[in-house]
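Written out below as structure tokens is the structure these notes cover.
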Amino acid sequence: MVSVMNEINHNNHQNKGMTVSLQDLNEPQYQAVTTTEGPVLVIAGAGSGKTRTLVYRVAHLLAQGVHPESILLLTFTRKAAQEMLWRAGILLNDSCKRVVGGTFHGVANTLLRRYGSYLGFSSNFTIIDRSDAEGIVNLLKSSLGLGGKNKQFPTKRVIVNMISGAVNKSIELESLIHEQYGHLSEHVDDILSLRTSYEEFKFNHGLMDYDDLLVNWKRLLAEVPEAREIISGNFKYIMVDEYQDTNLIQADIIRLMAYNHDNVMVVGDDSQSIYSFRGADFYNIMRFPKIFEETTIVKLEENYRSTQPILSLTNDIIRNATEKYTKSLFTSIEGDKKPKVYGARDELAEARFICKKITEFYEGGTEVKEIAVLFRSGFHSYKLEIELASNGFDFEKRGGLKLTESAHMKDVLSFLRVLENPIDNLSWNRILLQLDKVGPKTAQKITQAIINAEDPFQALAEYPVGKAWEKGLKSLAGLFEDLRAKELSPAMLYEIVLDYYQPFFEQIYRDDYPKRQKDLEQLKAIISSYEDLQTFIDDTALDPPETSAAVHAAVEDKLVLSTIHSAKGLEWDVVFVIGLADGRFPHASAELGAQREEERRLLYVAATRAKKRLYLTYPRELMTPDRQFRRVGMSSLLSELRPGLFERIEDTSQGFSFPTTRPETISVSTVKRRKGKRLSLRDFSVGCRVDHPFFGEGEVRKIVQPSTLEIAFNRHGVKSLHVDYAKLKLL
DNA sequence: AAGTGCCAAATTTTT
DNA sequence: TTTGGCACTT
């Protein structure tokens, strides 16, 4: 079973101790939770100790003599599972260590490896992530003659979103397209056939995506009575944290897992449902009492986290929700500091404000790890990151790219993946493309030969070589001979792979391979703790290790920068929510209806992370992707709030002369460009004539700081061009 | 067929 | 900052 137990002891330092004793079980609000028989639904607000009720329930069950291995704790993220069981460990000493816990996907993986043969598939599947899925779709797009010049056709990312969305919401892809992607209706047939090819591709190559894990888990329970008996018989008590984040399939799975005992306890808060893009549906909470008759509903309304002024504001955020089923939270925590709202002139001013405040808090005695900066999207913090770094602040960024999503990591993992699953087309392709003189065409041909052969590795060794790449293919075949020669530990295998890969690595990433080398070494450390290669591969797919910088940071007292999604379930003394500007938050394509409601809940989640102090900030001017500046207003989510609930801070960073000379961040690429006879903005003036290699002659109409020119071309109209990129000549 | 260099466009959130 | 497409060279 997914064993998070082993990791718990190593992670102690990360947790702030929750000191509880068994006597706490007698607190009235937990009585119902711990002593009720049958299904229990706990609806509770932010900071009310939801997870704690789960731990208490486990404690109670164990005290009653329930066998720990018959308790299954399902949580959303692996981190949450670790934290929960660690807490249980404090309460229960060692007996909890045999409680089974993990994520839905992790448990699905284990069960499918063990019982997948009931459904008629091999247990040798490889789990693919989003970018793999996008890769497959891209491949199929061109082979089906879609996309390309047809700019109207949706991108691979949109297609993967659609396919996955249809699965998660349990509706037909076709109706989903009409409902949510109306403008793509004319492509319905193409998209459907693309989906069919995608399913075939995965099936033929032993690949399974995240959705498949859940779908097949459900099928196993629903369609194979024998498997259902065994599996649900094993787990007599099922508990789910963050229930508002489950989708319909997961709700069905829970129903089936408990089909003969109904011992289910779920905990959730409908106001914190922020994963609907992945099919999560907070109606699951409302439906729960209907699915499980005789459900006991427990509401927890006391907040143990935040001060009253913060709570008043967060209550007001959710007050405006069009649909809510909630409770009004109260607290007895003292505090009189109202949340602050700050409108900065631009992103730089916003970043400087944050730096200044952090310094103040630090000097006032707040630990840096008790401060967090939260934002809607990963890239919203770029400016702040630069500013923090130049002021000498250390920080840890959460969310964004995972270690195993980087190209060099995928490269090395591919070798290990084909060892376990020799028909993994994607990985073979990746490996072969590294060879000199082998491109997409050749790689695809060789891959086909390999995966259709009886003995794939022999087929590789015997493949009729072309002169140009004979040497490369032979040495590759030699590598696999070494890898398969005898039983080797994952760590040994990895050593051999690295040895082979190193020269390719230095060639492919010659610009920055020293930086990437650290990642390869980090993986070495991780892999050496595994005895079994398959487990290692599964774990890296389901729970990618963090980048070396983040691992390093976790040990130290560091400021946290995080997307709101990754901050869920955590809390800090001081929280800054940045980028609360129109078009950013709510996200530009989510300004209406249900999507906007989700953005509101997202802000609610962000604001409720704060224990003592809360700052909400926004820039009045943003740089758009094409390097233009655009004035923006305060987020509509903020302007809806009752003014008395927060204080405004005036922008004091104003007041210097025009024209502004901004401190410029000089990247390697700009330095390179400067070396040439590249012109800079001050070489131009309004009205001067220029020549562009493609657009021809034109006249400068406007100069937009820091580096954009608006030029009216004789034949191509008005264009905005970046002075560093456009090859302009002065006439 | 494969590799290289250049330009312009895009950039949600995650198991 | 990264990526995809295109035109050009090997």
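Chain letters run A, B, ... following the sequence lines, proteins first and then strands; every chain starts at 1.
- A salt bridge is absent between A:R430 and A:D132; no separation between the charged side-chain nitrogens and carboxylate oxygens falls under 4.0 Å.
- Closest to the A:R130 side chain, of the nucleotides B:dT14, B:dG3, B:dT12, is B:dT14.
- Nucleic acid contact for A:Y275: sugar-phosphate only, since backbone atoms but no base atoms lie under 4.0 Å from a heavy atom of the residue.
- Following rounding to the nearest Å, A:L435 (CG) and B:dA2 (P) show an atom-to-atom distance of 12 Å.
- B:dT13 atom P lies 18 Å from atom CG of A:N168, rounded to whole Å.
- Inter-residue side-chain proximity for A:D209 and A:I128 is flagged as met; some heavy-atom pair is nearer than 4.5 Å.
- Closest approach to the A:S566 side chain among B:dT12, B:dT14, B:dA2 is made by B:dT14 (side chain taken as heavy atoms from C-beta onward).
- The NZ-P distance, from A:K441 to B:dA2, rounds to 8 Å in whole Å.
- Across the interface with DNA chain B, nearest-nucleotide mapping of A:Q595 and A:V438 shows A:V438 to be the residue nearer the 5′ end.
- Separating the CG atom of A:D211 from the P atom of B:dT14 is a distance of 16 Å, rounded to the nearest angstrom.
- Backbone-only contact: A:K156 has heavy atoms under 4.0 Å from sugar-phosphate atoms and none from a base.
- For the ring pair (Phe, Tyr, Trp, His ring centres under 6.0 Å) test, no residue two or more places apart in sequence or in another chain qualifies with A:Y382.
- Put simply, A:T442 has no side-chain N or O that comes within less than 4.0 Å of OP1 or OP2 on B:dA1.
- Out of B:dG3, B:dA1, B:dT15, the shortest distance to the side chain of A:H105 is found at B:dT15.
- Put simply, NE2 on A:H380 is 17 Å from P on C:dT1, counting in whole angstrom units.
- Distance OH (A:Y604) to P (B:dT13): 24 Å, rounded to an integer number of Å.
- Relative to the side chain of A:H565, the nucleotides B:dT14, B:dT12, B:dA2 differ in distance, and B:dT14 lies closest.
- Relative orientation of the A:H105 and A:Y210 rings is perpendicular, given thresholds of 30° and 60° on the angle between their planes.
- In this structure, A:K568 places its NZ atom 21 Å from P of B:dT12, rounding to the nearest Å.
- Scanning for ring pair (Phe, Tyr, Trp, His ring centres under 6.0 Å) contacts around A:W217 gives an empty result, with sequence neighbours left out.
- The aromatic ring of A:F277 is stacked on the base of B:dT13, with the two ring centres less than 5.5 Å apart and the planes inclined by under 30°.
- Across the protein-nucleic acid pair, A:E242 atom CD and B:dT13 atom P stand 19 Å apart, rounded to whole Å.
- Between A:A443 and A:N161, the residue anchored nearer the 5' end of DNA chain B, judged by the nucleotide with its closest heavy atom, is A:A443.
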